[in-house]
Structures are given as C-alpha cells and as structure tokens.
Number of protein chains: 2
Amino acid sequence: MTPLAFALLGLIRDEPRSGYALRKVFETTPMGNYSSSPGSIYPALKNLQTAGLIASQSAGPRKSVFAITPGGLEAFVTWLAQPVTAKEDPNIALLRFAFLQDDRRQSLDFLLSFARCAHGKIVALKGFLGSEPGRSMPLQAQLAVQHGLRTTEAAAEWAADAYRQLKEETKP
Amino acid sequence: MTPLAFALLGLIRDEPRSGYALRKVFETTPMGNYSSSPGSIYPALKNLQTAGLIASQSAGPRKSVFAITPGGLEAFVTWLAQPVTAKEDPNIALLRFAFLQDDRRQSLDFLLSFARCAHGKIVALKGFLGSEPGRSMPLQAQLAVQHGLRTTEAAAEWAADAYRQLKEETKP
DNA sequence: CCAACCATGTAAGCTGTTACATGATTGA
DNA sequence: TCAATCATGTAACAGCTTACATGGTTGG
C-alpha cells in the first residue's frame, strides 16, 4: 500500500468517486503532490479493487464509481492510527491528519507527536549547523539547511496552534 | 538524470569521493532525504560513469574514488542554472542552491525566483481555503492546508533573509 | 462542426527499495 | 577473536512517468 493508494482510499471513503473524479482532485486541490496521471491512478485503483478494499459500481455506459468496502474501511482506519515517526515523510503524516475527521482525541494525539518529531528535527539541524562539518560548509549550503530549520519551526508552531484550535473547537 | 544523480555529481564535484563516502553523506547530514542504500547509489554511480560524467580512479585494493569529468562539470553547471519553477519540488531547487557556491549573482537570482514561487503558492493556498470547496472541508483537512501555508510563508521569509545575508556578505 | 473536456485504459522504461551476498579491516 | 564498520555489488520487485490509444459528450 503506497501513499497514493491511501489517498485514493480516503477520498473514496468520504464519498464514492470515479477514477476521473479522483484525478481531478489531485489536479485542482492542494493534494496535487500526488500523481493525477492516468498511468498511476487507474492501476492503483485496480490494485485496491483486487485487494477487495474498494468495489466498483458501474454508473452509466463507460463510467464506474468506486465505493469503499468494509475491509477497505478497516485497512484505512488502521493506517490512520499509525503513529507519527521522525523517519516518515511529514507530508504522508499530514495526509493521515487530513483524513482524521471524527476522532478528536486521535487528532490531538497526532498533533502532539507531530510537534515532538518537529522539535527533534530542529535540534538535529541546529546541532548540525553548529558542528564542524556544518560550520565549514559553503554559505549557500548552510542557508539551505537554514531553510529546513525555518520551515520545520513553522511546522512546529502550526502543530501547537492547531492543537489549541481543535481543543477550543466545541468549548464555547 | 535524476535528482539523486545530480546530488552525487555535486558532492563529487566538491571533492572526489568513493561510493561509500557518498552513502555516509546521505546517512549523516541533512541530505538524508536521498537514498543512501547501496542498491540506489552504486547503480546511479555506474550510470554517471557510463555517461562519462564521472571517472573512477582505483584507490587501494577494492576501493575506487570518483572524480568529475569536464563533461560532468558542464552538465552540472547547466543543471545549476535551471530556473526555479512552481511545479518543481522545492527540495530539488534547494539542492541546486546548496551547490551554488561561487556565483553570488546566480544565488541572488535564485532566491528572488524562489520567493516569487513561494508567494504564488501562498496565494493559491489562501484562495483555496477561501473558496467553497475549501470552506466545506473538515477542519482537519483545512488545518493540513494551513500547514502548507505556514511552511511556505516560512520559506518565503527565509528567501528574503537569505537574500539580505548574501548581499551584505562582502560589504562591511 | 470542431474543440475541449469527459473518461478509461495500456505499454515501455527507468528508479528506487529490499534483501541478499561477499570480503577486508579495525578496535575492544 | 569477535563484532562493528568499511566497501562494493547484484537481483527481484513494485511504483511512477511518459506516451500512446480510444471513444463519448458538450458548448460555442
């Protein structure tokens, strides 16, 4: 199961969709980091179908709409519950977060773990910049590391803000 | 030529290195987003060698060190001069920037383009959040887009700061 | 009527991942 | 001496990209 497969599964969980509709999502929304080319979407959908995670209902002459199956839903919620780790691409973790809708507890836990990973990365980058190999790099290389530092700091701040926002959500 | 191939080429340009030394760079520095597994490094090095962009000098019994060739240097500087575009993965653009050492003019141009792309992305994300599809998303999905917004804003600020820093560099 | 878009698929090729495999050297 | 690290490679497999291919529908 690739990230693309889970992205498709999540979109189909939200509502049944055709392959073309899924491609449009990747073309017109910030989920655009994912493929959208027919050569990636249709084979991925076929895999999901073969694995029994989605089922196609034909809707019209040459159209078919996919819906998630009970097994697919189970696989999806298991994936959603996956812990955030430092090794994982943050964008994939974020993909999980975007699909976490009902469970507020899980969302809050996610944000805490996400922030912890971000802080770990910040420490590592600062450590590298202060160390001998870091100090002796050309300025541009140091600035590139600074970029990673700044964006990771922004990610940590985002997590903290999102945590507050989610916590307050239903209070007043 | 994949990003990995250019990363290898750049590291070898800076100083001749063995395959193992290159792997260590990916394992121990913030360049860790790239492979480091033997199954990716050694085939990539072989490709570069076949293309005549690097040449191996045997150094010891079962060691070999790679150095960049004139053709390799030409290919590399051509790649370095590639303009920053919105479609490109910013991390790949950043990889180019990290290897831009001598040319201060090119570095400043890069940062301007980079900032322009970031601002474009910011506008797009804000537009999406304000639009109907954006407003009707679940809160977590909106927050995920906010993450992209915050980190992109941080990237834009970084570019502006780096520009100033590079400009001042040799002034006082 | 023609262009643009809807809608789905296949095939070649390249890359990277994982796992396996080998053997030398160094330090405890 | 034994483990860790140095050092290099191969092979199977899965995935994505690009390009090709087809045909229906809608709007100007």
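For clarity, every value in this text was computed on a predicted model and none was experimentally measured. Just so you know, these numbers use all the heavy atoms, side chains as well, and skip hydrogens, waters and symmetry mates. Lettering follows sequence order; numbering is per chain, from 1.
Summarising the geometry, the separation between CZ on Arg17(A) and P on dT8(C) is reported as 13 Å, rounded to the nearest angstrom. Straight-line distance from the CZ atom of Phe26(A) to the P atom of dC16(D): 10 Å, rounded to whole Å. Spacing between atom CD1 of Ile92(B) and atom P of dT17(D) amounts to 12 Å, rounded to whole angstrom units. Look at NZ on Lys87(B): it is 12 Å from P on dT17(D), rounded to the nearest Å. Rounded to an integer number of Å, the gap from Arg23(A) CZ to dT18(D) P is 13 Å. Across the protein-nucleic acid pair, Phe66(A) atom CZ and dT8(C) atom C1' stand 10 Å apart, rounded to whole Å. Rounded to an integer number of Å, the gap from Lys46(A) NZ to dC16(D) P is 15 Å. Taking atom CD of Glu27(A) as the reference point, atom C1' of dC5(C) lies 11 Å away to the nearest angstrom.
With distances taken from any side-chain atom of Ser37(A) to the nucleotides dT18(D), dT10(C), dT17(C), the minimum falls on dT18(D). Ranking dG16(C), dA7(C), dT8(D) by closeness to the Lys63(A) side chain, first place goes to dA7(C).
Of the side-chain N and O atoms in Tyr42(B), one or more sit less than 4.0 angstrom from OP1 or OP2 of dT8(D). Within the 4.0 Å cut-off from OP1 or OP2 of dG16(C), not a single side-chain nitrogen or oxygen of Ser35(B) is found. For the OP1/OP2 pair of dT15(C) and a distance below 4.0 Å, the side-chain nitrogens and oxygens of Asn47(B) include at least one atom meeting the criterion. The side chain of Lys24(A) places an N or O atom within less than 4.0 Å of a non-bridging phosphate oxygen (OP1 or OP2) of dC6(C). Contact annotation: Tyr20(A) side-chain N/O to dC6(C) OP1/OP2 distance is under 4.0 Å. Between Thr2(A) and dC16(D), a side-chain N or O to OP1/OP2 separation shorter than 4.0 Å is present.
For the atom pair CE (Met137(B)) and CD (Glu132(B)), the distance works out to 12.0 Å, reported to the nearest 0.5 Å.
Note on Ile41(A): nothing from the nucleic acid sits closer than 4.0 angstrom, heavy atoms only. Counting non-hydrogen atoms under 4.0 angstrom, Gly39(A) reaches a base of the nucleic acid.
The 5' end of DNA chain D is approached more closely, in terms of each residue's nearest nucleotide, by Met1(A) than by the other of Pro38(A) and Met1(A).
Checked against the 6.0 Å centroid threshold, Phe99(B) and Phe6(B) do not count as a close aromatic pair. Under the 6.0 Å cut-off for aromatic ring centres, His119(B) and Phe114(B) do not qualify, their centroids lying 6.0 Å or more apart.
In this structure, Leu53(B) and Ile68(B) have side chains that are not in contact, with every pair of non-hydrogen atoms separated by 4.5 Å or more.
Side-chain N or O atoms of Ser36(B) include none that pairs as donor or acceptor with a backbone N or O of Phe26(B) at under 3.5 Å.
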